[in-house]
Amino acid sequence: MATLAGRTARSTLPPCDTPGADIRQSTDIGSSPDGLSRTAAEAAWRAVTPSIAGTPHVRISKDGGRTYPARHARPLPADPPGQPCTVAVYDPGSATGRMLALDLDPGRGRGAADPAAQVSAQADAIARLVTRLGGQCVTDVAPSGGRHVLILFTAALPWRELRDLARAMALRFPAVDVAPMSSLGGQISPPGSRHKSGGWRTLAGPLQDARAAAGQPNGPEVWNALLAEFAAELRQDSAAADLEVAELDDAGVPWLPRLGGRAPLGALEHTARTGEWDRSRYPGRSEARMAVLAAAAGRGWRLADVRAAIASGAWRGLDRLYERRSEPGRMDRLLPYEWRKAVDLTGGQENVRRWHTSDLYPRPPSGLIDGADEFGLIRRWMTAVACALEDPERVRGWGGRAIAVRLVLLALGQAAMVSGSGVLEFGCRNLALHAALSHRTVARVLELLRNEPDPLIDLVSPRRLARADRYALRIPDRYAGSVRWRRRRAGRIDAVHPVFLVLGGAAALTYQALDQAGARGAEVARAARLSASATSAALRALAGHGLAERGRDGWRCGAADLDDIAESTGAADLHREREARYKQDRESWRARLRAYQGARQVPVTSRDGWWPLDDEDEYDEACRWPVLSDDFVRGPPATARETAI
């Protein structure tokens with residue numbers, strides 16, 4: 001039996017259609033206290049409620065809809081109870097949910113002449129949006145005029161991702177109250193339930209449509225389309241500093257999410273449709289098409305949307321602006337490059353490639369249009385890593401090295417993003433600098449990962465001479481289905497900051513789980529995939545340096561700067577020391593390789609006093625394993641000058 005979180009569930013909502021303050025007033029829907037017939041309520045309950053309940057339980061209110069205590073929970077009945085009731089939005093046991101429950105409250109329509117009409121309009125707009133994205137939803141209406149829009153999915157999704165999407169949608173639709181989705185104990189009144197005013201919640205549409213939506217929930221394509229539609233709102237909700245930074249879509253192509261979603265092009269829509277342009281403003285065809293692309297980029301369009309508009313014939317004029325008889329396929333060649341230029345121009349930035357060893361945070365390389373699918377693979381692989389963290393069997397195999405494994409996986413994800421490829425050739429020392437670990441620990445972790453059954457990485461070729469091991473990112477077969485569902489945050493992947501050389505790996509993972517929205521310690525531990533004791537110790541360490549703050553709503557990310565804390569704790573000096581030592585190790589190893597390779601061309605006798613490298617296997621073995629400066633090495637004798645030094 002699933003555990004019901006919390007002893008009582010008091011609503012914090014203002015007077016509205018869902019449980020809260022007692023409302024007894026006449027409304028525009030049903031003038032009698034019983035509003036709708038019990039027969040219609042029972043039909044709605046049977047068609048929808050069993051499918052939307054996070055657990056097979058219902059909470060009964062015995063005080064007229066004011067509170068819904070957990071002690072009044074009982075198994076979900078076949079027919080609606082006679083008292084107001086709620087069902088769980090999430091399954092607290094697994095911390096997942098299959099429903100996005102949007103509670104549209106007339107009380108939030110401040111300043112509106114008709115709050116109920118505003119709620120109705122926004123509910124209809126959400127339903128049309130879901131339909132446009134290829135999905136379906138269930139909408140019900142209460143006697144008070146409030147509405148619920150319920151979007152069901154076939155797979156269980158992490159509750160924090162559902163919560164984040166609900167918050168993002170509330171930014172665009174102000175009538176949405178996110179309280180039911182804001183905690184694992186969230187509750188909502190289902191269709192067909194008794195309302196505290198005396199009526200019943202009824203379906204806003206035909207019963208057969210609601211039954212179809214409940215019986216055939218939405219698939220991953222609808223979930224991913226919703227994430228793309230509200231990308232700008234999701235980023236604003238996560239307190240991003242700059243809303244004009246380009247992100248990458250699932251194909252690895254940059255775009256600029258826009259608050260409110262995609263918008264029409266305005267005056268340049270005519271140019272896109274007809275191919276005619278204002279020659280006083282745009283001298284030639286190239287300037288005209290760049291103006292169209294820049295307008296599209298600034299209004300939330302993606303390259304896939306532009307291609308679709310051209311393919312459908314709606315933007316036939318833009319296609320003509322690329323035509324040249326002597327060069328067939330010119331648009332296919334130029335459009336990706338001009339789109340990237342338009343995004344950079346509109347966003348006011350240059351997408352400059354930086355090396356993995358740079359002191360600055362890296363951004364994806366700017367010239368890899370042909371390899372754009374690699375970025376989609378990298379983000380899918382990072383999603384597979386998240387699935388692996390939820391696999392108890394795999395984590396059990398990591399044992400006490402689980403934290404180190406997670407830090408190395410983050411470093412691999414960052415290395416893949418900055419290189420623009422799913423095949424990596426970064427040495428252990430390079431990865432160690434970005435995992436806040438020693439290079440020996442990284443080497444052991446990589447060996448552990450590649451030897452797992454159904455591994456996350458495959459060894460393509462072993463290290464030889466100056467070349468490092470080459471690894472290919474791999475999505476395990478057992479996670480392939482889940483990867484299609486999980487939210488993939490486009491853009492930069494950050495590895496571990498050097499400050500966590502001192503604060504520790506648990507603190508690094510806990511810090512990544514924090515955001516600007518407050519969360520209880522148990523929720524942070526669940527998001528970080530750490531034990532309660534480890535999370536508590538990490539939060540105390542972070543709070544001691546201003547990297548975490550505890551407020552009324554729980555723990556949130558602190559205002560302290562990571563670089564400043566790294567300097568004050570000595571982590572920055574330790575990082576620079578390691579970087580210098582690793583650089584010296586590389587130079588020493590390359591010098592030894594040159595000595596070995598030169599020695600093979602010189603005749604060797606026993607008088608030389610060193611072991612000749614006539615054996616190919618011995619030579620290969622020596623060239624394969626890097627040796628530090630204080631280790632014994634078979635090789636040519638030092639010259640007199642070297643001995644004197």
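What you see below is based on every heavy atom in this structure, not just the backbone, and it leaves out hydrogens, waters and symmetry mates.
When every heavy atom of A170 is checked against every heavy atom of V176, the shortest pair comes out as CB-O, 3.8 Å. Closest heavy-atom contact between A506 and L530: O-CD1, 3.7 Å. Heavy atoms only, all atoms of each residue included: A508 and V496 are closest at CB-CG1, 3.8 Å. Contact between L203 and A210 at its shortest, heavy atoms only, is CD1-CB, 3.6 Å. Nearest approach of P81 to W200, heavy atoms of both residues: O-CZ3, 4.0 Å. The nearest pair of heavy atoms linking A388 to W398 is CB-CH2, 4.4 Å.
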Show your reasoning for whether salt bridge (charged side-chain N to carboxylate O under 4.0 Å, His left out) applies to E233 and R172.
CA-CA 8 Å; E233 286 84 357; R172 189 180 301 185; 3.2 Å; yes
Apply side chain to side chain contact (heavy atoms under 4.5 Å, CB included) to residues R46 and D79 and explain how you reach the verdict.
CA-CA 7 Å; R46 293 168 181 168; D79 294 322; 2.6 Å; yes
Begin with the C-alpha distance, continue with both residues' side-chain angles, and end with the deciding distance and a verdict on salt bridge (charged side-chain N to carboxylate O under 4.0 Å, His left out) for R132 and E229.
CA-CA 11 Å; R132 176 171 65 82; E229 175 69 25; 3.3 Å; yes
Stepwise salt bridge (charged side-chain N to carboxylate O under 4.0 Å, His left out) test for D140 and R147:
CA-CA 6 Å; D140 69 10; R147 297 185 181 235; over 6 Å; no
Before you tell me yes or no, could you show the steps for D553 and R550 under salt bridge (charged side-chain N to carboxylate O under 4.0 Å, His left out), namely the whole-Å CA-CA distance, both residues' side-chain angles and the distance that decides it to 0.1 Å?
CA-CA 8 Å; D553 298 331; R550 189 172 187 177; over 6 Å; no
For F153 and L226: C-alpha separation, side-chain torsions, deciding distance, then whether side chain to side chain contact (heavy atoms under 4.5 Å, CB included) applies.
CA-CA 12 Å; F153 300 100; L226 283 169; 4.0 Å; yes
Determine whether L377 and I475 satisfy the following criterion, side chain to side chain contact (heavy atoms under 4.5 Å, CB included), listing intermediate values before the conclusion.
CA-CA 9 Å; L377 168 65; I475 298 175; 4.3 Å; yes
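Using a 4.5 Å heavy-atom threshold, the side chains of Q122 and Q118 count as touching. Counting heavy atoms from C-beta on, the side chains of S120 and L104 never come closer than 4.5 Å. T96 has its side chain out of reach of L157: every pair of non-hydrogen atoms, C-beta onward, lies at least 4.5 Å apart. Side chains of P257 and F230 form no contact here, defined as non-hydrogen atoms less than 4.5 Å apart. Annotation: side chain of L76 is not in contact with side chain of H57 (no heavy-atom distance under 4.5 Å). A heavy-atom distance below 4.5 Å is not found between the side chains of R194 and C85. Looking at heavy atoms from C-beta onward, K62 lies out of side-chain contact with Q83 at the 4.5 angstrom threshold. Residues R201 and S189 are in side-chain contact: their nearest non-hydrogen atoms beyond the backbone lie under 4.5 Å apart.
A 6.0 Å sphere centred on CD of E221 holds more than 12 heavy atoms belonging to other residues, nucleotides or ligands.
Panel note: side chain R474, backbone P455; a donor-acceptor pair is recorded below 3.5 Å. Without hydrogens or angle criteria, R302 side chain to A228 main chain gives no donor-acceptor distance under 3.5 Å. A donor-acceptor distance shorter than 3.5 angstrom exists from the side chain of Y90 to the backbone of M181, with no hydrogens or angles considered. For the pair D305 (side chain) and W301 (backbone), a donor-acceptor distance under 3.5 Å is absent. Under the 3.5 Å distance criterion, the side-chain polar atoms of R401 are left unmatched by any main-chain donor or acceptor of A404. Judged by distance alone, with hydrogens and angles left aside, the side-chain atoms of S61 form a donor-acceptor pair with the main-chain N or O of T67 at under 3.5 Å. Checked by atom type and distance alone, the side chain of D454 pairs as donor or acceptor with a backbone atom of D477 at under 3.5 Å. In this structure, the side chain of W45 engages the main chain of P77 through a donor-acceptor pair within 3.5 Å. N218 places a side-chain N or O within 3.5 Å of a backbone atom of L152 that can act as its donor or acceptor partner. The backbone N or O of A532 lies less than 3.5 Å from no partner atom in the side chain of S536, so there is not a single donor-acceptor pair.
R478 has a carboxylate O that lies under 4.0 Å from a charged side-chain N of D391, or vice versa, which qualifies the two as a salt bridge.
Going from atom CG of L539 over to atom CG of L547 covers 11.0 Å, rounded to the nearest 0.5 Å. Atom CG of L100 and atom CE of M169 lie 6.0 Å apart (nearest 0.5 Å).
In this model, a donor atom of one side chain and an acceptor atom of the other lie less than 3.5 Å apart for R394 and Y479. With 3.5 Å as the limit, one finds no donor-acceptor pair spanning the side chains of E523 and W555.
Under the 6.0 Å distance and 45° angle rule, R379 does not count as a cation-pi partner of W381.
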